[in-house]
Number of protein chains: 2
Amino acid sequence: MDRQLLKGHLPVIILGLLAEEPRHGYAIAEELKRRCSSAFELGEGTLYPLLYRLEDKGQIKSKWVRLTNGKERRVYQITPAGKRTIAAHQKDWNRLAEAFRNILGEEWAKA
Amino acid sequence: MDRQLLKGHLPVIILGLLAEEPRHGYAIAEELKRRCSSAFELGEGTLYPLLYRLEDKGQIKSKWVRLTNGKERRVYQITPAGKRTIAAHQKDWNRLAEAFRNILGEEWAKA
DNA sequence: GATACATGGTATGTAATACAAGGTATTGGT
DNA sequence: ACCAATACCTTGTATTACATACCATGTATC
């Protein structure tokens, strides 16, 4: 699909995954592949910068977690601000959908 | 609303308006204001470059039309490729919506 | 000893939109 | 006759998100 369409929507997909439970980067990528591969997949070079941006904006926070085997990985979790962002996005989505219905007709975006 | 969300969707809004009937730039702007102002408005500096891009890609074509008063204005109309783009976008939109439902739950994006 | 997976990172480019400004021509009000 | 508003088109620069491609490291597996 046209990647341009993802702009602005992609962060919310990530936030949605983190709203379910805290996850580290690789787990996010895997989960995305499992659940959305038909729509899109993300390279690491897309995912990590995205996570940094989200953290910069305070919508997620991360901490390094030491595993039993001594390895570390970075686990992200959503913040209240992140949850508000999801809600706001939902509103925007509906406004967009309404604009499309206005212009392309009622039949549009039924399924 | 977050303008990032419009990326990739905006051209389709324009194409939709031109699918109704050929229009010149200003008329497009007016119609948009009338029908979508709650969602967004476009400055001319956003609209015209958008039209140029669409024409470059062959999704619309334009011609100068001389009015009775001797003035000229540029009228755009959609091409078959443009119509195909609308249809493709519709598919992408539904895929996106499905991804959100997958992740944010069935309740999402109902209206 | 090669290959794959798990996990995190950076650097650079591209393309869509935002914003700001400028320009001409007509119309209408005072 | 003048000013303001509206109709209409154009250009240039900045922002920003995402794509692409690449690197590093360790561990399991064949």
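Within every chain, numbering begins at 1; the chains are lettered A, B, ... in the order of the sequence lines, protein sequences first and strands thereafter.
For the salt bridge (charged side-chain N to carboxylate O under 4.0 Å, His left out) test, residues two or more places apart in sequence or in another chain that qualify with B:Lys33 are B:Glu30. With sequence neighbours left out, the side-chain contact (heavy atoms from CB on, under 4.5 Å) criterion links B:Lys91 to no other residue. In this view, A:Glu72 and A:Trp64, A:Arg66 satisfy the side-chain contact (heavy atoms from CB on, under 4.5 Å) rule, not counting sequence neighbours. With sequence neighbours excluded, no residue forms a side-chain contact (heavy atoms from CB on, under 4.5 Å) with B:Ala88. Under the rule for a salt bridge (charged side-chain N to carboxylate O under 4.0 Å, His left out), A:Glu41 has no partner lying at least two apart in sequence or in another chain. Residues forming a salt bridge (charged side-chain N to carboxylate O under 4.0 Å, His left out) with A:Arg53 (at least two apart in sequence, or on another chain): none. Taking the side-chain contact (heavy atoms from CB on, under 4.5 Å) definition, one finds that A:Ala29 meets it with A:Leu47, sequence neighbours left out.
D:dC18 atom P lies 15 Å from atom OH of A:Tyr52, rounded to whole Å. One atom, OH of B:Tyr48, and another, C1' of D:dG12, lie 17 Å apart when rounded to the nearest Å. A straight line from CG of A:Asp56 to C1' of D:dC18 spans 16 Å, rounded to a whole angstrom. When rounded to the nearest whole Å, the span between CG of A:Leu42 and P of D:dC18 equals 9 Å. Atom CG of B:Leu47 and atom P of D:dT10 are 11 Å apart (whole Å). Note: NE2 (A:His9) to P (D:dT16) measures 18 Å, nearest angstrom. Atom CG of A:Leu50 is separated from atom P of D:dA19 by 9 Å (rounded to the nearest Å).
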For nucleotides 20-28 of chain D, just jot down a letter per nucleotide in 5' to 3' order: B, S or -, based on protein non-hydrogen atoms under 4.0 Å. BBB------
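A donor-acceptor pair shorter than 3.5 Å can be found between the side chains of A:Thr85 and A:Gln59.
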In sequence, state the C-alpha distance, the side-chain angles, and the governing distance for B:His24 and B:Arg73, and then conclude on side chain to side chain donor-acceptor pair (under 3.5 Å). CA-CA 7 Å; B:His24 55 97; B:Arg73 56 190 187 182; 3.1 Å; yes
Please list, pair by pair, any protein nitrogen or oxygen found under 3.5 Å from a nitrogen or oxygen in nucleotides 4-6 of chain D.
none

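Summarising the geometry, atom CE belonging to B:Met1 is positioned 10.0 Å from atom CG belonging to A:Asn94; distances are rounded to the nearest 0.5 Å.
Side chains of B:Ile13 and B:Phe40 form a contact here, defined as non-hydrogen atoms less than 4.5 Å apart.
Between D:dC8 and B:Arg74, no contact under 4.0 Å exists linking OP1 or OP2 to a side-chain N or O.
Each of A:Lys7 and A:Val75 was matched to the nucleotide of DNA chain C holding its nearest heavy atom; the match closer to the 5' end belongs to A:Val75.
A:Pro22 and A:Val75 get closest at one heavy-atom pair: CB-CG1, 3.8 Å.
Between A:Glu98 and A:Arg101 no salt bridge is recorded (no basic side-chain N to carboxylate O distance below 4.0 Å).
Applying the salt bridge (charged side-chain N to carboxylate O under 4.0 Å, His left out) rule to pairs touching residues 5-22 of chain A yields A:Glu20-A:Arg23, A:Glu20-A:Arg35, A:Glu21-A:Arg23, sequence neighbours excluded.
The span of DNA chain C lying next to chain B, judged by atoms under 4.0 Å from heavy atoms, is bounded 5' to 3' by C:dA16 to C:dT26.
If you check residues 28-41 of chain B against DNA chain C, you find no residue with a heavy atom closer than 4.0 Å.
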